[in-house]
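Read the structure below first, then the notes.
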Amino acid sequence: PSPSPTVTPVGDPVALDVDPDGRTINQGTSTFGTCLAIYANGAIRNYTQRVEWASSDPAIASVSNETGQRGKITGNGPGTVVIRARDPLTGIDSNDSGRNGSVTVLGPLERIELAPASARNTVGEERFFTARGYFAGGTEKNITQDVDYASTDAAVALPTNEAGKKSRVL
């Protein structure tokens with residue numbers, strides 16, 4: 001059965017599910033993870049403040065186990081880590097069910113590549129560009145909607161910087 005927050009948990013949890021899974025953060029910033037306990041009867045319960053948190057590499061991202069701050073993930077260096085949670089009362093670990101989380105930490109931005117590198121349009125035609133960011137540590141990410149676009153001559157090429165269409169140039 002699918003986990004349900006409306007079903008009353010019975011017995012001990014059978015699995016722990018860690019989120020975030022696949023989140024990207026910048027070096028020097030933090031995000032919060034959550035841990036859900038899943039029961040055999042399909043019930044779920046938030047265990048975020050009950051579990052012991054661990055990172056596969058604290059030099060990349062560390063996870064707090066301080067009261068009230070449990071699950072706070074801090075990006076320390078570029079790379080990707082696995083985030084695990086373990087219930088100290090039952091011994092259940094998110095790794096047992098393969099429900100670990102993951103976080104990629106981006107180092108400082110080193111360069112941006114814009115594609116296409118050159119373009120020709122007819123008057124009134126629109127063009128969309130793609131911006132790819134390359135970060136220290138070898139990580140890259142599509143940052144098309146995260147950057148602002150400019151033109152040296154707005155009479156020839158006018159970037160719109162519209163939300164959701166930031167790379168649109170008229």
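Counting non-hydrogen atoms of neighbouring residues, nucleotides and ligands closer than 6.0 angstrom, the CD atom of E162 exceeds 12 such neighbours.
Contact check for T144 versus F128: no side-chain heavy atoms found under the 4.5 Å cut-off. For the pair S167/Y149, a side-chain contact is recorded, criterion being any heavy-atom separation below 4.5 Å from C-beta on. By the 4.5 Å heavy-atom criterion applied to side chains, D19 and D17 are not counted as neighbours. Side-chain contact between S55 and S62: absent, with no pair of heavy atoms (C-beta onward) separated by less than 4.5 Å. P78 places none of its side-chain heavy atoms less than 4.5 Å from the side chain of V105. Here the side chains of I60 and T80 are not in contact, with every heavy-atom distance at 4.5 Å or above. Contact check for R99 versus L16: no side-chain heavy atoms found under the 4.5 Å cut-off. In this structure the side chain of P13 never reaches within 4.5 angstrom of the side chain of I38, judged on heavy atoms.
Under 4.0 Å is where a charged nitrogen must lie from a carboxylate oxygen, and between E52 and R86 at least one such pair does.
Test E110, K141, E140 against F135 for side chain to side chain contact (heavy atoms under 4.5 Å, CB included) and you get one pass: K141. Remark: of the listed residues N100, V18, V82, N100 is the sole one forming a side chain to side chain contact (heavy atoms under 4.5 Å, CB included) with N95.
No side-chain donor-acceptor contact under 3.5 Å links N26 and T29.
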